[in-house]
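Model, not experiment: these values are computed from the prediction.
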Amino acid sequence: MLLKSLNTMQAEAVTFGDGPLLILAGAGSGKTRVLTARIAYLILKKGVAPESILAVTFTNKAAGEMRERLFKLIGPEAKSLWLGTFHSLGLRLLRREARAAGVTNELTVYNDDDQLALIKEAMRELSINEKSYSPKAILARINQAKNENISHSEYLNHADDFLSERVAKVYSLYQKKLREFGCMDFGDLICEPINLLKNNPAILGKYQAHFSHILVDEYQDTNRAQYMFTNMLASGTRNLLAVGDPDQSIYAWRGADISNILDFEKDYPDATVLRLEQNYRSTKNILSAANSVIKRNRKRLEKTLWTDNLDGVPVIYEEAQDEYSEAGAVIKKVKALSKEKSLSYRDFAVFYRTNAQSRVFEERLIREGIPYIIVGGVKFYDRMEIRDALAYLRFIANPNDSLSLKRIINTPPRGVGAATIEKVQALSVQLGVPLFEAFKEALVRGLLQKTKVARFIEACEDFKKGLGTLSLHELALRLLEDSGYMLMWQEEGNEEALERVENLFEFTSAIKDFEAANPGATLSGFLDHVALISDIDSYEEKADRMTLMTLHSAKGLEFKAVFLAGMEEGLFPHSRSIDDPEGIEEERRLCYVGMTRAREELFLLSAKTRTIYGETRAQIRSRFIEEIAPEFLTIIEAEDRRIKKTYSDEVYYTTEDSQTPHTEQVFYDEPVSEVWRVGAKVKHPAFGIGVIRERSGRGDEMKLTVSFEDKGVKKLAVKYAPLTPVG
């Protein structure tokens, strides 16, 4: 039954024996099916205890899907697996070994917003000016250090310039404050388990013996710290199954190290390598187009994706006049396909390189009345009122968390200004107690008579008393009401404030849902759950809405029709990568990921002009368009949609969708030699082989824009340039 729906290579992976195994799983090759079947096979056929299997995914969504599938295959035993993201598993390990790790049950996890606030606090104490040194840039360096498992002391030892020395000082104080507050950030959830295992050989040995099989999904996206953590645990039985695809490694900017998968056979010389090359997702044309792009990369492990699916229609590349025409072209195609193929809105997705590109699409979708969702926009848990509510709960769960206390002590206003906080902090240091205890002592001493702190303290204490007798969601709602926080927004009364009130009620509903799914749920359990939520975890596939998202967020998803917008040099590939060969390879992998999300229809779009940062610029189509083999690509150029006239320099709207008038040369409606068609290859004695990107004029006045492989883009007059057609 387990092997019935698998192809030969998938079945070989599922029934593999012992030892290290690398599965190179191409896009749409059914790797999740293989992973779940492998786990079920180990339990049902090999008698492996579920609790001795460690399975690592990269999102909570993927972990949830895998656990759901396993429930169907093996039943309730699926609960015993160690299954989750690196961060959730690291946190679980730390909580299990709390005494040796030096953590308490009150441990809370800081998100990006909290990290930045703590960085700023450390910088103020060190008298480092935020105008001279960006807190975000300093935080990025600290996060990168943790991605590589570099401690603050190691960072200081290797600081070789003024900026690095400043970062090292902030890193040291930041880490000290995290420990004082009983908190950790995401980097700590990997680094601290590594330190725990390094410093405690007995604990390391226990877990090496405990985990008889370790499976890691998306291995190409692991960073150095995750790689170390995995290999420490796997060095016992050496039964490590790594699944991944170097062609889909797109997260170098957040620490992913592609060499982890490229060097797997160096780390494990006796490893078996299996290739899953049959694609079940895309049509032949889409897959072939994507393959023709990615094959240009050098840093990859060779594989050839193929499919038994239909040929399908060619990939369509459409050049628009501007970003408004680009959005209009997408809407027009969505409407047409909805009628022709009875597609729902949820079958469509628009991918872009940067979040800023979403605005024009949003405006047009709103005007057209088409429902949509943005993945990676402002998430529910990133809203100010939800962050405030979480700060209330985090502080109660962990009274040492002074950062959360400072966020809420005067929200709503309670007469506690910066001077008051400073005085209470001094009292905290003098008495050697946490900040909250200092506030209570200051109240007893009559130092806070002009404030409303007493009500705040009472609300917090009532919450603690109610734990174990009332449900968490009831206690949370009571806390928000008794503290005056809910009333603050209700009294403000405007539309935005009332929306915040609705969000707060939704927040208590989220707690209720968590309690329903986790009998015996605790406050720390809920806070852990929220801290580990990622962008994609909130994506609802069943909602009938068009999806807008960045290419980085698209990993792991698929749609019947996909639009890749902004296919222009400097935008995609991004300008930051243009002069960096490794950066270009990552951008190409990103393009490949975007293309392979499409099942039936794939549209690539660019604009001849685009307004970026308030400046309208002429754009050149992306090199990735040129890299697609012509037989899999249909090109629709901006001039093909023009209103034909018998004179030049006519002012007109390029399409019915464009709101911007353009003045350009208008061509006569007469055939042009196929020799000089856009997309054709030509040869120049000095520049070599190139591809025609654009064509203007006719007869002796014809000019061609040609992209040469080694010499870049050249504009040439056919009458004078020694060009010869190729093929």
Side-chain angles (χ1 to χ4, degrees), residues 2-3 6-26 29-50 52-58 81-83 86 89 149 190 193-194 197-198 201 204-249 256-278 298-304:
L2 278 176
L3 308 179
L6 304 178
N7 64 38
T8 304
M9 196 56 70
Q10 289 174 333
E12 189 175 337
V14 168
T15 58
F16 179 78
D18 290 337
L21 172 64
L22 173 62
I23 299 177
L24 294 175
S29 62
K31 68 180 175 67
T32 305
R33 184 191 309 167
V34 170
L35 276 172
T36 50
R38 170 67 175 171
I39 293 170
Y41 177 83
L42 289 172
I43 295 167
L44 299 177
K45 302 295 184 183
K46 291 296 183 180
V48 176
S52 69
I53 296 175
L54 172 64
V56 188
T57 64
F58 259 77
L81 291 163
W82 280 62
L83 170 60
F86 272 109
L89 294 168
N149 194 38
I190 308 299
I194 291 174
L197 298 175
K198 268 186 180 178
L204 173 59
K206 179 175 79 173
Y207 284 99
Q208 285 176 336
H210 179 81
F211 295 125
S212 62
H213 288 81
I214 296 174
L215 304 89
V216 182
D217 193 12
E218 305 287 9
Y219 198 71
Q220 77 281 352
D221 291 328
T222 53
N223 59 36
R224 184 68 187 171
Q226 291 163 342
Y227 165 85
M228 292 171 69
F229 185 38
T230 300
N231 283 282
M232 287 176 80
L233 293 173
S235 59
T237 62
R238 300 183 78 256
N239 288 331
L240 172 62
L241 187 160
V243 185
D245 181 6
D247 291 340
Q248 298 185 71
S249 180
D257 187 350
I258 193 174
S259 66
N260 291 346
I261 192 168
L262 295 177
D263 294 342
F264 189 85
E265 291 175 90
K266 291 181 184 176
D267 295 333
Y268 299 93
D270 58 333
T272 299
V273 180
L274 298 177
R275 288 170 167 79
L276 302 184
E277 297 177 307
Q278 183 173 1
R298 294 181 181 180
K299 278 195 169 185
R300 60 192 301 258
L301 297 174
E302 196 59 44
K303 66 181 183 308
T304 305

- Looking only at heavy atoms, what is the nearest atom pair of Val216 and Thr230, with distance? CG2-CG2, 3.8 Å
- Heavy-atom nearest pair, Ile194 first then Ala225, reads CD1-O, 3.2 Å
- Output for pair (Asp245 CG, Ile258 CD1), nearest 0.5 Å, gives 9.0 Å
- Query: Gln248 and Ala25: which non-hydrogen atoms are nearest, and at how many Å?
  - Reply: NE2-O, 4.1 Å
- Message: If I take atom CD from residue Glu218 and atom CZ from residue Phe86, how far apart are they, to the nearest 0.5 angstrom?
- Response: 11.0 Å
- Task: Indicate yes or no: at least one non-hydrogen side-chain atom of Val243 is less than 4.5 angstrom from one of Val34.
- Result: no
- Got a second to check how far Asn149's CG is from Met228's CE, nearest 0.5 Å? 4.5 Å
- List in chain and number order the residues that pass salt bridge (charged side-chain N to carboxylate O under 4.0 Å, His left out) with Arg224, two or more places apart in sequence or in another chain; answer none if no residue qualifies. none
- Query: Can you tell me how far CD1 of Ile23 sits from CD1 of Ile261, rounded to the nearest 0.5 angstrom?
  - Reply: 10.5 Å
- Distance from Asp217 atom CG to Phe58 atom CZ, nearest 0.5 Å? 8.5 Å
Could you go through residues 233-241 and list every donor-acceptor pair under 3.5 Å that involves a side-chain atom there, pairing it with any protein atom two or more places apart or in another chain?
residue, atom, partner, partner atom, Å
Ser235, OG, Gln208, NE2, 2.8
Ser235, OG, Asn231, O, 3.4
Ser235, OG, Met232, O, 2.9
Thr237, OG1, Ser212, O, 3.1
Thr237, OG1, Asn239, N, 3.3
Arg238, NH1, Asp270, OD2, 3.0
Arg238, NH2, Asp270, OD1, 3.0
Asn239, OD1, Gly19, N, 2.7
Asn239, ND2, Ser212, O, 3.0

- Please list, chain by chain and in numerical order, all residues satisfying salt bridge (charged side-chain N to carboxylate O under 4.0 Å, His left out) with Lys46, sequence neighbours excluded. none
- Check: Glu12/Gln10 side-chain N/O donor and acceptor closer than 3.5 Å: no
- Item | Pair Lys303 + Asp247, salt bridge at N-O below 4.0 Å | yes
- Query: Does Glu265 CD have over 12 foreign heavy atoms under 6.0 Å away?
  - Reply: no
- Note on the structure: Rounded to the nearest 0.5 angstrom, the OH-CG distance for Tyr227 and Asp257 is 9.0 Å
- Any idea which heavy atoms bring Leu197 and Tyr207 closest together, and the distance? CD2-CD1, 4.5 Å
- Message: Looking at Arg275 and Glu302, is there a salt bridge between them, counting it only when a charged N and a carboxylate O are closer than 4.0 Å?
- Response: no
- Can you check whether Asp221 reaches Ser249 side chain to side chain, under 4.5 Å on heavy atoms? yes
- Note on the structure: On a heavy-atom basis, the closest approach of Leu81 and Ile53 is CD2-CB, 3.6 Å
